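All remarks here apply to the structure that follows.
Quick caveat, the model's predicted, so the values are computed rather than measured. The chains referred to below are lettered A, B, ... by the order of the sequence lines, with proteins before strands, and numbering in each begins at 1.
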2 protein chains.
Amino acid sequence: MRVPRHVVEARRSRLTELLLERGYLPISELCEELGVSEATARRDLSALESEERITRTYGGALGEFNATFTSFRERLRHDTEAKGGIARAAASLVKPGMKVYLDAGTTAFAIAQELRRHLPERLTIITNNLALLETLGTLPGAKTIVLGGQLLERQSVLLGNEAVKAATAQEIDLAFLSAQGMTDTGLWNSQRDIIRLQHAVMKRAGRSCFCLDRSKLGRTAPEHLGAWTRVGTLISDLSLPELRQAGITLKPGTLLPTHP
Amino acid sequence: MRVPRHVVEARRSRLTELLLERGYLPISELCEELGVSEATARRDLSALESEERITRTYGGALGEFNATFTSFRERLRHDTEAKGGIARAAASLVKPGMKVYLDAGTTAFAIAQELRRHLPERLTIITNNLALLETLGTLPGAKTIVLGGQLLERQSVLLGNEAVKAATAQEIDLAFLSAQGMTDTGLWNSQRDIIRLQHAVMKRAGRSCFCLDRSKLGRTAPEHLGAWTRVGTLISDLSLPELRQAGITLKPGTLLPTHP
DNA sequence: TCATAAATGATTGACCTCGATCATATCAGA
DNA sequence: TCTGATATGATCGAGGTCAATCATTTATGA
C-alpha cells in the first residue's frame with residue numbers, strides 16, 4: 001500500500017535519529033521500532049546509505065554519530081605510513097611528567113594513538129581536538145585538559161576567543177602543531193582562528209614541533225602561519241636536501257626525521 | 001597449533017585497538033587484519049565481549065568507542081518517560097536567540113535531543129558536557145560553546161578551575177541544571193567540582209532551571225548544592241503536594257510541570 | 001476522474017554467519 | 001621428558017541476511 005512521500009521521509013528521519021541515539025541497531029529491531037516489514041526497512045537503509053547519512057553493516061546499521069568524527073578516521077587511514085612515522089617520532093620526544101599540547105588535525109590523532117601504545121607516566125595532555133577525547137579519555141594515569149571554545153560545525157575542533165584565552169592560561173612543555181602547507185616563506189594554514197590559537201600555544205610552549213608530511217610541501221593555504229624562524233622542530237618524512245630543493249633551509253637540529 | 005598465552009592477549013588487545021580506531025569491522029576484515037582464521041576471530045570476539053570490552057554484531061563487532069559515551073545512552077534509556085517530559089518542558093522555555101546552558105547529566109542529553117527536534121533560531125548552547133556534542137555538533141544555525149576543563153575519566157564532562165573560569169566569562173540567558181538529590185534542605189550533588197561550576201553558571205545566568213525527576217526526591221549526596229531559595233525554576237514530574245509532603249515548599253510559579 | 005508512478009509486503013534462492021565438533025599441534029607444568 | 005591442557009583451523013548444519021521479483025494498494029498529477 002503506497003504511503004505519502006512525507007511519511008516516508010519522516011520514517012527515514014526517525015530511523016537516522018534512532019541510529020544516532022543507539023549507535024547500532026539490527027534489522028529486526030529497526031522493523032519493530034518503525035513498524036514496517038523487513039523489506040521496507042532494507043529499502044530505507046539503502047536509501048539512507050546512498051545519501052551517506054548512515055552506515056550499513058551486515059545485519060543492521062550504524063548511525064553516523066561518527067559523521068563528526070569518523071571523517072577523521074577516514075582521512076587518517078589514507079597516508080598512514082607517513083603519519084605513523086611522524087607520530088612515532090613525535091611520541092619519542094614525550095617524557096614522563098610532561099605537559100603536551102596536541103592541536104587539530106589527523107596527525108594529532110596519530111600521535112594520540114601512538115601515546116596510547118607507549119604511555120609515559122604522569123602525562124598532561126592539552127588539546128582543543130575533540131576527536132582525540134575518545135582515545136585520550138581512557139588513558140590510565142594521564143590527565144587531559146580541553147581548551148574551551150566554539151564548536152566548529154562539521155569539524156571536531158574548538159576555536160575562537162575562548163580557546164585563545166584558555167591557551168594563554170596554560171603551561172605547555174611540548175606542543176605538536178600541524179599546518180596545511182609549507183613553502184620557502186614558511187607555513188600556511190586554512191583558518192585565521194586556527195592560527196590565532198596556534199600562536200597563543202606557541203607563546204606558552206617550551207618547544208613547538210610542527211608535524212608535516214611530504215604532501216604539504218609546496219602547498220599554500222589562505223592564511224600565513226609564520227616564517228621558518230618560528231619553527232623550533234620540524235617532524236617530517238622529508239629529507240634536508242628535499243627541503244632545500246624547495247627553497248627551505250632549516251637551522252641544524254631543527255629537522256627530526258620520522259621513525260620507521 | 002597452539003600459541004603462547006601472551007600472543008593471544010596481544011592479538012586481542014590489537015583487536016580492541018582496531019575496533020576503537022575504526023568503530024566497526026566485519027569479521028572478514030578482522031581475520032585479514034589479524035592473520036587468523038574466522039574461527040579464531042570469533043573466539044576472540046566472544047572472549048572480548050564477555051569481558052565487555054567490545055560489542056558484537058551480526059557479522060562483525062563494534063569498538064566501545066562508545067564506552068565513554070554510550071553509558072550515557074544506556075542510562076538515558078532507563079527512565080525515558082520522566083526525562084522526556086522534563087526535556088519537553090525545558091525546551092518549551094527556549095526562545096530564538098537565547099544563550100542556553102546545559103550541564104552534565106542525562107537530563108541535559110534528553111533536552112539536547114528535544115532541541116534537535118524543535119530548534120529555535122540563532123540559539124547559542126553553552127555546555128561542559130561532551131556527550132552532547134555529537135547531538136549538538138550537527139545542529140544547523142546553532143552555535144555551540146564548550147567550556148574548557150579537565151576531562152574526567154569515565155565521565156564525559158569537563159571540570160576544574162578552567163571550567164569555572166570559562167563559565168564566569170559567559171553570558172547565559174537560561175541554565176538547565178541537574179542534581180543527584182533533593183530534600184527539605186535543598187539540592188545535593190556528588191562532587192564539589194560540579195557544584196563549583198554550577199554556582200559559577202547560576203551567577204551568570206538570567207534564569208536557573210533545575211531539572212529533577214521523582215527518583216531524586218528524598219535522596220542526598222555527599223555535597224550540598226544549595227537551598228531552595230536559590231532555585232529559580234524546578235522542572236519535575238512531581239506535584240506541589242508531593243513536594244510539600246517531603247517538606248519542600250516552593251514559591252509560587254517555581255514549579256514547571258513536565259509536558260506529556 | 002483516470003492513468004501513472006511509487007511504496008509496501010511476501011516470497012524466493014543465493015549467500016553468509018554462527019556455534020559446535022573434531023583432529024592436530026604446541027605450550028606449560030609436573 | 002612426558003602428559004594434560006589449550007589454541008588453532010577445518011568442516012558442517014542450522015538459521016539468518018540480502019537483493020530481486022511480483023502482486024497489490026494508493027498517492028500524485030494531468
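- The residue from A/D173, A/N128, A/N129 that alone fulfils the side chain to side chain donor-acceptor pair (under 3.5 Å) condition with A/Y101 is A/N128.
- The closest side-chain donor-acceptor pair between B/R88 and B/T258, if any, does not fall under 3.5 angstrom.
- Following rounding to the nearest Å, B/L30 (CG) and D/dG9 (C1') show an atom-to-atom distance of 17 Å.
- The number of heavy atoms from other shown groups lying within 6.0 Å of CD (A/E242) is above 12.
- Within the 4.0 Å cut-off from OP1 or OP2 of C/dG9, at least one side-chain nitrogen or oxygen of A/T40 is found.
- A salt bridge does not link A/E51 with A/R12: none of the charged nitrogens is closer than 4.0 Å to a carboxylate oxygen.
- Atoms OG1 and CD1, from A/T106 and A/I111 in turn, are 10.0 Å apart once rounded to the nearest 0.5 Å.
- You won't find any donor-acceptor pair under 3.5 Å spanning the side chain of B/R43 and the base of C/dG19, going by distance alone.
- As a whole-Å value, the separation of B/R56 CZ from C/dT17 C1' is 10 Å.
- At most 12 non-hydrogen atoms from other residues, nucleotides or ligands lie less than 6.0 angstrom from CD of A/E121.
- In this structure, a donor-acceptor pair under 3.5 Å is absent between the side chains of A/E49 and A/S46.
- Here the P atom of nucleotide C/dC16 and the CD atom of B/E29 are 15 Å apart, to the nearest Å.
- Summary of the strand contacts: B/T57 and A/D44 both lie near DNA chain C, and taking for each the nucleotide with the nearest heavy atom, the more 5' one is attributed to A/D44.
- Under the 4.5 Å side-chain criterion, counting only non-hydrogen atoms from C-beta, B/Y24 is not in contact with A/T55.
- Within the nucleic acid shown, A/V7 has no heavy atom closer than 4.0 Å to any nucleic acid atom.
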Hey, what are the protein-to-nucleotides 11-16 of chain D N/O distances that come in under 3.5 Å?
{"from": "D/dG16", "atom 1": "O4'", "to": "B/Y58", "atom 2": "OH", "distance (Å)": "3.4"}

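- Listed nucleotides C/dT8, D/dA7, D/dG9 differ in distance to B/V36; the shortest reach to its side chain belongs to D/dG9.
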Below 3.5 Å is the cut-off: list the nitrogen or oxygen pairs between protein and nucleotides 26-30 of chain D, distance only.
{"from": "D/dT26", "atom 1": "O4'", "to": "A/R2", "atom 2": "N", "distance (Å)": "3.4"}
{"from": "D/dA27", "atom 1": "N3", "to": "A/R2", "atom 2": "NH1", "distance (Å)": "2.7"}

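- Across the protein-nucleic acid pair, A/E38 atom CD and C/dG13 atom P stand 17 Å apart, rounded to whole Å.
- Atom pair B/E9:CD and C/dA28:P shows a separation of 12 Å (rounding to whole Å applied).
- Look at CG on B/L15: it is 16 Å from P on D/dA7, rounded to the nearest Å.
- There is no side-chain donor-acceptor pair under 3.5 Å between A/R214 and A/S236.
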